[in-house]
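Below: the structure, in structure tokens.
Counting begins at 1 with the first residue of the sequence.
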Amino acid sequence: MEKKRIVVKVGTNVMTNKDNRILGPVLKHLVEQIATLYEEDIMVVLVSSGSAIAGKEVLGDVDIEDASKRRQVFSAVGQPRMMRHYYSIFHDYGMRCAQVLATKRDFSPGIHRENMINCYESLLSEGIIPIANEDDAVSVTMSMFSDNDELASLVAELINADSLIILSDTDGLYTGHPGDDESEKLNKVTVDENVEKYVQESGKGEGEGRGGMESKIKIAKGTAAKNITTYIANGKQHNVILDIVAGKPVGTKFTA
């Protein structure tokens with residue numbers, strides 16, 4: 001029987017505290033859930049942000065004025081640090097993980113895409129958990145993803161995933177700002193529903209916790225339209241991935 005495949009994307013806001021420091025317990029609980037699914041013959045591809053923050057945590061302020069060059073430096077320093085975290089935690093659970101860095105070019109039809117498919121299929125066939133991230137250190141403008149949500153969607157399509165789980169710092173999509181008493185969480189959304197209006201009408205900016213929800217809706221709808229059920233949920237909620245897989249009404253579910 002073919003094993004079920006899930007892509008889980010974890011954002012920087014999930015794995016850091018208010019001081020932008022990486023939270024080890026959050027990463028551990030994330031891996032713990034992946035290990036539980038592995039025992040149930042469900043393979044997970046983890047799309048993880050955090051390399052730039054991890055690098056900045058080490059380097060602090062640098063003298064590089066150009067923002068894109070700063071990001072390259074932070075990411076180049078932070079990526080091996082993130083993988084050291086993950087390698088150690090997965091090892092504690094008796095599992096193996098691997099790093100897969102990519103640019104948008106790698107998903108274009110042709111030899112690059114075939115190479116990516118071969119990489120993922122080979123890792124998954126050996127029970128190794130791929131950890132994907134954008135190769136920020138060498139990405140150029142024309143080959144950059146809009147964000148890691150887009151990368152996660154492309155990976156889900158690439159490996160014919162059964163579902164995509166986008167972990168954010170909110171419980172899902174609301175009819176207004178999540179902090180407003182009159183706002184209600186939407187448990188299920190279809191791709192033809194105009195839910196974008198809720199983001200536009202909220203009157204709140206990304207700095208107040210919306211965290212790019214409009215972009216997440218676009219990615220979630222686009223992925224669901226390819227018959228890959230997609231969820232937006234709170235990555236800091238206990239057992240959120242396991243609850244979603246178990247069919248509990250957690251987060252917001254996007255379907256075709």
Just distance, no hydrogens or angles: give the donor-acceptor pairs under 3.5 Å from side chains in residues 226-233, sequence neighbours left out.
residue : atom : partner : partner atom : Å
Lys226  : NZ   : Glu157  : OE1          : 3.0
Thr230  : OG1  : Ile228  : O            : 3.0

Any chain of hydrophobic side-chain contacts (each under 4.5 Å) joining [X] to [Y]?
X      : Y      : value
Leu37  : Val10  : yes
Val100 : Ile117 : yes
Leu101 : Tyr120 : no
Ile165 : Leu27  : yes
Met83  : Val26  : yes

So do [Y] and [X] actually touch side chain to side chain, heavy atoms under 4.5 Å?
X      : Y      : answer
Val250 : Gln237 : yes
Phe254 : Glu193 : no
Asp180 : Tyr174 : no
Arg96  : Ile129 : no
Asn148 : Glu134 : yes
Val31  : Tyr86  : yes

Test item: [X] side-chain N/O and [Y] main-chain N/O as donor-acceptor pair under 3.5 Å:
X      : Y      : result
Gln33  : Ile241 : yes
Arg70  : Val62  : no
Asp66  : Lys69  : yes
Ser125 : Ser122 : yes
Thr190 : Ala256 : no
Lys185 : Gly251 : yes
Ser51  : Gly78  : no

Shortest non-hydrogen separation from [X] to [Y] and the atoms involved:
X      : Y      : value
Ser49  : Met82  : O-CE, 3.9 Å
Leu124 : Pro130 : CD2-CD, 3.8 Å
Ile166 : Ile219 : CD1-CG2, 4.3 Å
Ala98  : Leu123 : CB-CD2, 3.7 Å
Ala161 : Val7   : CB-CG2, 4.0 Å

Is it true that, when you exclude [X] itself, more than 12 heavy atoms of the residues, nucleotides or ligands shown sit nearer than 6.0 Å to its [atom1]?
X      : atom1 : answer
Tyr87  : OH    : no
Asp61  : CG    : no
Asp19  : CG    : yes
Glu40  : CD    : yes
Lys236 : NZ    : yes

Checklist entry - Please, which pairs that meet salt bridge (Lys or Arg N to Asp or Glu O under 4.0 Å) have at least one residue in residues 110-123, sequence neighbours excluded? => result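 Residue pairs with at least one partner in residues 110-123: Arg5-Glu121.
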Item to check | Sequence neighbours excluded - salt bridge (Lys or Arg N to Asp or Glu O under 4.0 Å) pairs with any residue from residues 43-52 | outcome: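 Output for this query is empty, none listed.
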Checklist entry - Aromatic rings His238 and His29: how do their planes relate, parallel, tilted or perpendicular, breaks at 30° and 60°? => result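 Rings of His238 and His29: parallel, as their planes differ by under 30°.
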Item to check | Distance-only donor-acceptor check, side chains Thr223 and Ser153, under 3.5 Å | outcome: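 Side chains of Thr223 and Ser153: pair found under 3.5 Å.
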Checklist entry - Is a side-chain donor-acceptor pair under 3.5 Å present for Ser48 with Asn133? => result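 No, no side-chain donor-acceptor pair sits under 3.5 Å.
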Output all residues satisfying salt bridge (Lys or Arg N to Asp or Glu O under 4.0 Å) with [X], sequence neighbours left out; order by chain, then residue number.
X      : value
Glu57  : Arg21, Arg81
Lys221 : Glu196
Asp147 : none

